[in-house]
Trainee: 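Sharing a structure, written as structure tokens. Questions coming.
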2 protein chains.
Amino acid sequence: MSVTFNKRDPIYLQVMTHLKKQIVSGELKPGVEMPSRRQLANQLKINPNTVQRAYSEMEEQRLIFTEPNKPSRISEDPNVLNQLKKEWLNQAITRFVSAIDPIDMDLEDLMPMIEQELANRKKAQK
Amino acid sequence: MSVTFNKRDPIYLQVMTHLKKQIVSGELKPGVEMPSRRQLANQLKINPNTVQRAYSEMEEQRLIFTEPNKPSRISEDPNVLNQLKKEWLNQAITRFVSAIDPIDMDLEDLMPMIEQELANRKKAQK
DNA sequence: CCTAGTGTATTACCTGCTTAGTACACATGG
DNA sequence: CCATGTGTACTAAGCAGGTAATACACTAGG
């Protein structure tokens with residue numbers, strides 16, 4: 001796992017977003033163990049407290065759960081996971097439409113640009 | 001002009017985004033006078049310095065220009081304006097694709113949701 | 001002339017984020 | 001039994017960025 005942080009947003013939020021993305025994509029499956037706070041902090045070159053903040057907020061959102069003295073794990077509750085995907089998708093669309101709205105272009109003309117960008121991503125992935 | 005600010009992002013950035021949006025949409029036409037720093041600040045219930053910061057950054061980006069002791073005005077340079085639209089569109093698509101990428105859905109299935117959201121916006125606009 | 005309105009500049013304050021340093025309870029493996 | 005690794009909690013410090021208060025130079029209009 002590697003993340004490139006921007007300077008604007010708080011690190012703990014970027015970590016959360018990164019993890020949520022992995023949950024949505026299925027990279028992080030329900031029930032799977034998360035890296036420990038200290039491990040992840042070491043890996044990302046950040047402070048363990050910052051990871052802790054990300055984790056504890058995700059725990060509040062029921063996305064992960066922690067049994068005493070054991071590594072945190074991804075939630076297995078289908079409701080929670082579906083809700084996450086739902087909100088993730090919803091936010092993506094809302095933001096996109098909000099950005100696209102002031103532009104004088106039809107949706108049909110945007111499609112090819114989106115497909116182009118999707119293709120670029122797959123290319124860069126390998 | 002009215003804006004609803006979120007608490008996370010700096011106000012001056014939100015003001016910039018708001019103004020850029022208006023430029024992109026054509027609400028703010030080239031050469032038109034901007035509201036004065038104090039006026040806009042008063043209207044948005046924020047500090048004049050915050051507006052000043054937004055304005056001066058937009059001036060650096062050549063989106064507005066200011067003759068001494070006169071209200072700032074929207075740029076009339078077609079290159080600058082086209083560049084803005086280009087970047088705006090580009091960013092919208094990049095962000096959207098980045099958000100949509102981890103989701104296991106085809107573009108065809110997303111289209112109706114986008115159109116739905118677009119319709120909602122027009123409805124709420126009036 | 002002088003008041004009110006421009007833009008501009010400087011300074012100080014304040015909040016939030018990050019880091020660091022400890023400390024504690026508990027479980028596990030050697 | 002003990003060393004190590006979990007999660008958790010608390011405090012302190014510092015840093016950076018955003019915001020606010022104030023003052024200044026200039027212009028236009030009454």
Side-chain angles (χ1 to χ4, degrees), chain A residues 1-20 23 28 30-77 80, chain B residues 1-20 23 28 30-76:
Chain A
M1 175 168 358
S2 80
V3 195
T4 55
F5 296 118
N6 69 63
K7 294 183 181 179
R8 172 128 289 131
D9 304 315
I11 299 178
Y12 78 95
L13 281 183
Q14 299 186 54
V15 172
M16 287 178 67
T17 304
H18 179 73
L19 293 173
K20 285 184 179 181
I23 295 177
L28 283 176
V32 154
E33 281 191 1
M34 311 274 294
S36 87
R37 275 78 167 160
R38 294 173 177 87
Q39 266 181 12
L40 186 55
N42 200 44
Q43 190 173 345
L44 301 181
K45 317 283 189 196
I46 59 179
N47 193 283
N49 292 328
T50 306
V51 179
Q52 164 64 7
R53 177 152 187 191
Y55 275 28
S56 66
E57 292 219 7
M58 290 185 69
E59 186 146 18
E60 268 187 12
Q61 299 174 16
R62 311 283 171 190
L63 291 172
I64 64 179
F65 64 96
T66 314
E67 296 171 284
N69 305 307
K70 292 201 171 183
S72 301
R73 291 194 287 150
I74 305 289
S75 164
E76 294 169 332
D77 185 337
V80 171
Chain B
M1 175 170 358
S2 81
V3 194
T4 54
F5 296 118
N6 69 62
K7 293 183 183 179
R8 173 128 288 135
D9 303 316
I11 299 177
Y12 77 95
L13 282 182
Q14 298 185 54
V15 171
M16 287 178 67
T17 304
H18 178 73
L19 292 174
K20 285 186 181 181
I23 295 178
L28 282 177
V32 155
E33 281 192 1
M34 311 274 297
S36 88
R37 276 78 168 160
R38 293 173 178 85
Q39 266 181 13
L40 186 55
N42 200 44
Q43 190 174 345
L44 301 180
K45 316 283 188 196
I46 61 181
N47 192 284
N49 290 328
T50 305
V51 178
Q52 162 64 5
R53 176 147 190 194
Y55 276 27
S56 68
E57 293 220 6
M58 289 184 69
E59 186 147 18
E60 269 188 12
Q61 300 172 15
R62 312 282 171 191
L63 291 172
I64 66 179
F65 64 97
T66 314
E67 296 171 284
N69 304 308
K70 291 201 172 182
S72 301
R73 291 195 287 152
I74 305 290
S75 165
E76 294 170 333

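A note on names: the letters A, B, ... follow the listed sequences, proteins ahead of strands, and every chain is numbered from 1. Everything quoted here is computed from the prediction, not taken from an experiment.
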Trainee: Given atom CG of A/L40 and atom P of D/dG5, what is their separation to the nearest angstrom?
Mentor: 17 Å
Trainee: What's the shortest heavy-atom distance between B/S72 and B/R37, and which atoms?
Mentor: OG-NH1, 2.6 Å
Trainee: So, is A/Y55 near the phosphate of D/dG7, with a side-chain N or O under 4.0 Å from OP1 or OP2?
Mentor: no
Trainee: Once you round it to whole Å, what is the distance between C1' of D/dT22 and CZ of B/R37?
Mentor: 18 Å
Trainee: For A/K70, is there an ion pair with A/E33 - N to carboxylate O distance below 4.0 angstrom?
Mentor: no
Trainee: Taking only N and O in the side chain of A/S56, is any of them less than 4.0 Å away from OP1 or OP2 of D/dT8?
Mentor: no
Trainee: Roughly how many Å is it from CD1 in A/I46 to C1' in C/dC17, rounded to a whole number?
Mentor: 12 Å
Trainee: Identify, between A/P68 and A/Y12, the residue whose nearest nucleotide on DNA chain C lies closer to the 5' end.
Mentor: A/Y12
Trainee: Can you tell me the distance, in whole Å, between the CG atom of A/N49 and the C1' atom of D/dG7?
Mentor: 12 Å
Trainee: Round to the nearest Å and state the distance from B/M16 atom CE to D/dG17 atom C1'.
Mentor: 15 Å
Trainee: Taking all heavy atoms of B/Q14 and all of B/F5, pick out the closest pair and write down the distance.
Mentor: OE1-CA, 3.2 Å
Trainee: Nearest-nucleotide wise, let me know which of A/R8 and A/P71 is further upstream toward the 5' end of DNA chain D.
Mentor: A/P71
Trainee: Over all strands shown, is A/P10 touching base, sugar-phosphate only, or nothing at heavy-atom distances under 4.0 angstrom?
Mentor: sugar-phosphate
Trainee: Would you say the side chain of A/V15 lies within less than 4.5 Å of the side chain of A/T50, judging by non-hydrogen atoms?
Mentor: no
Trainee: Could you state the CZ-P distance from A/R38 to D/dA9, rounded to the nearest angstrom?
Mentor: 13 Å
Trainee: Phosphate oxygens OP1/OP2 of C/dT19: is one of them under 4.0 Å from a side-chain N or O of A/T50?
Mentor: yes
Trainee: Is B/N69 side chain donor-acceptor paired with the D/dA28 base, going by distance under 3.5 Å alone?
Mentor: no
Trainee: Between A/S36 and D/dT6, is there a side-chain N or O to OP1/OP2 distance below 4.0 Å?
Mentor: yes
Trainee: Atom CG of A/N47 to atom P of D/dC15: distance rounded to whole Å?
Mentor: 16 Å
Trainee: Would you say A/Q52 places a side-chain N or O within less than 4.0 Å of OP1 or OP2 belonging to D/dT8?
Mentor: yes
Trainee: Tell me which nucleotide among D/dC10, C/dA23, C/dT8 gets nearest to the side chain of B/T66.
Mentor: C/dT8
Trainee: Name the nucleic acid region contacted by B/Q39, choosing base, sugar-phosphate or nothing; use a 4.0 angstrom heavy-atom cut-off, strictly under.
Mentor: sugar-phosphate
Trainee: Taking atom C1' of C/dG16 as reference, at what distance in whole Å does atom CD1 of A/I11 sit?
Mentor: 13 Å
Trainee: Taking the side chain as every heavy atom from C-beta outward, state whether B/Y55 and B/T66 have any atom pair closer than 4.5 Å.
Mentor: no
